[in-house]
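None of these values were measured; they are calculated from a predicted model. Throughout, numbering of the chain's residues begins at 1 and tracks the sequence.
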Amino acid sequence: LWPWLLASSGLSALVQLVILPFFPDSPSYLLIQKGNEEACRKAIRKLWGEGDHQAEIDDIMKEKGAMASTKTLRVLEVIKERSLRWQLYILLIVMTTLQLCGINAVECSLYTQDKTKFEEYLIPYVSLGVGLCECLSTILCSTLIDRFGRKVLLWVGYLLMGSALALLTMTLSLQHRFFWMHYFSVILIFLFIVFFGAGP
């Protein structure tokens, strides 16, 4: 079944490849990049039907004017630019903490038999639980980010992830004493995944 499941993603890519040439180019691409206003009007009519679309073309022209006045920086220029220094530091810190937070190690620990001690028939359900936790965290993040902001979600997410990891360390060390402890470990891993998805 796995080969067919993996091949299904190739099928959707093939369908996209076949129908992509029949889609019109983006009106903003045609006007801003190519400078072809007539092709832009034609693409707008194809996308939105007949009618007066001068307001959309005016918006694209304003965007083109704004882009013309903006200087494009190269990577080294971004690094040297003093006004962008704090944004660069924040970006580096956030990306580094995302890479080093341990999400891959935690998800991988679910499937090592010597740690989780699950029967083999339960492993697909654990995988399903991981997927559901990721979906839940995406929904949770999209509702919380507008209310609390990115900064609060990052702080709370990392705090809860750290707490879950501390408890997970305790439960993994106590698994040989209590038979039910590995189930608690899986619950903590699910919570860690939710905290990761909703926060960082």
Would you please test L140 and L144 for side-chain contact (heavy atoms from CB on, under 4.5 Å) and show each step?
-> CA-CA 6 Å; L140 192 63; L144 293 178; 3.7 Å; yes
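- When atom types are taken as modelled, the side chain of E77 and the backbone of R74 share a donor-acceptor pair closer than 3.5 angstrom.
- Both V94 and M161 belong to a single network of hydrophobic side chains, linked directly or stepwise wherever heavy atoms of I, L, V, M, F, W or Y lie under 4.5 Å apart.
- Taking CD1 of I189 as the reference point, atom CG of L167 lies at 12.5 Å (rounded to 0.5 Å).
- Two residues are said to be in side-chain contact when any heavy atoms from C-beta on lie closer than 4.5 Å; E37 and K42 fail this criterion.
- Residues that satisfy the ring pair (Phe, Tyr, Trp, His ring centres under 6.0 Å) test with Y89, not counting sequence neighbours, are W86.
- Within the 4.5 Å cutoff, the side chain of F196 has no heavy atoms near those of the E134 side chain.
- For D25, the side chain to side chain contact (heavy atoms under 4.5 Å, CB included) test picks out Y29, L30, with sequence neighbours left out.
- Each of F184, F192, F190 was scored for a side-chain contact (heavy atoms from CB on, under 4.5 Å) with L188, with one residue passing: F184.
- Looking at residues two or more places apart in sequence or on another chain, you find no salt bridge (Lys or Arg N to Asp or Glu O under 4.0 Å) involving E63.
- Across M170 and S173, no two heavy atoms sit closer than the pair O-OG, 2.8 Å.
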Assess whether side-chain contact (heavy atoms from CB on, under 4.5 Å) is satisfied between I57 and L31, documenting all intermediate values.
-> CA-CA 8 Å; I57 292 174; L31 191 58; 4.2 Å; yes
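- Between the CD atom of E56 and the CE atom of M61 there is a distance of 14.5 Å, given to the nearest 0.5 Å.
- No salt bridge links R85 with E81; every basic N to acidic carboxylate O contact stays at or beyond 4.0 Å.
- Rounded to the nearest 0.5 angstrom, L14 CG and I19 CD1 are separated by 10.5 Å.
- Among residues two or more places apart in sequence or in another chain, the side chain to side chain donor-acceptor pair (under 3.5 Å) test is passed with E38 by none.
- The side chain to side chain donor-acceptor pair (under 3.5 Å) check on S26 picks up S28, with sequence neighbours excluded.
- Atom-to-atom distance recorded for D59:CG and Q54:CD is 10.0 Å, nearest 0.5 angstrom.
- Between the NZ atom of K46 and the CH2 atom of W48 there is a distance of 14.5 Å, given to the nearest 0.5 Å.
- Considering all non-hydrogen atoms of both residues, G197 and S137 come closest at CA-OG, 3.5 Å.
- Grouping the Ile, Leu, Val, Met, Phe, Trp and Tyr side chains by contacts below 4.5 angstrom, directly or via other members, places L153 apart from L159.
- I139 and F195 fall into different hydrophobic clusters, where Ile, Leu, Val, Met, Phe, Trp and Tyr are joined by side-chain heavy atoms under 4.5 Å apart, directly or via other members.
- In terms of hydrophobic clustering, with Ile, Leu, Val, Met, Phe, Trp and Tyr side chains grouped at heavy-atom distances under 4.5 Å, V186 and L174 are assigned to a common cluster.
- Considering every non-hydrogen atom in both C40 and P27, the closest pair reads SG-O, 3.4 Å.
- Legend: residues meeting side chain to side chain contact (heavy atoms under 4.5 Å, CB included) with L136, ordered by chain and number and at least two apart, are V194.
- Nearest heavy-atom pair, V152 versus F148, reported as atom, atom and distance to 0.1 Å: CG2-O, 3.5 Å.
- Cluster annotation: I93 is not connected to Y158 through the hydrophobic network of ILVMFWY side chains, with a link wherever side-chain heavy atoms come within less than 4.5 Å.
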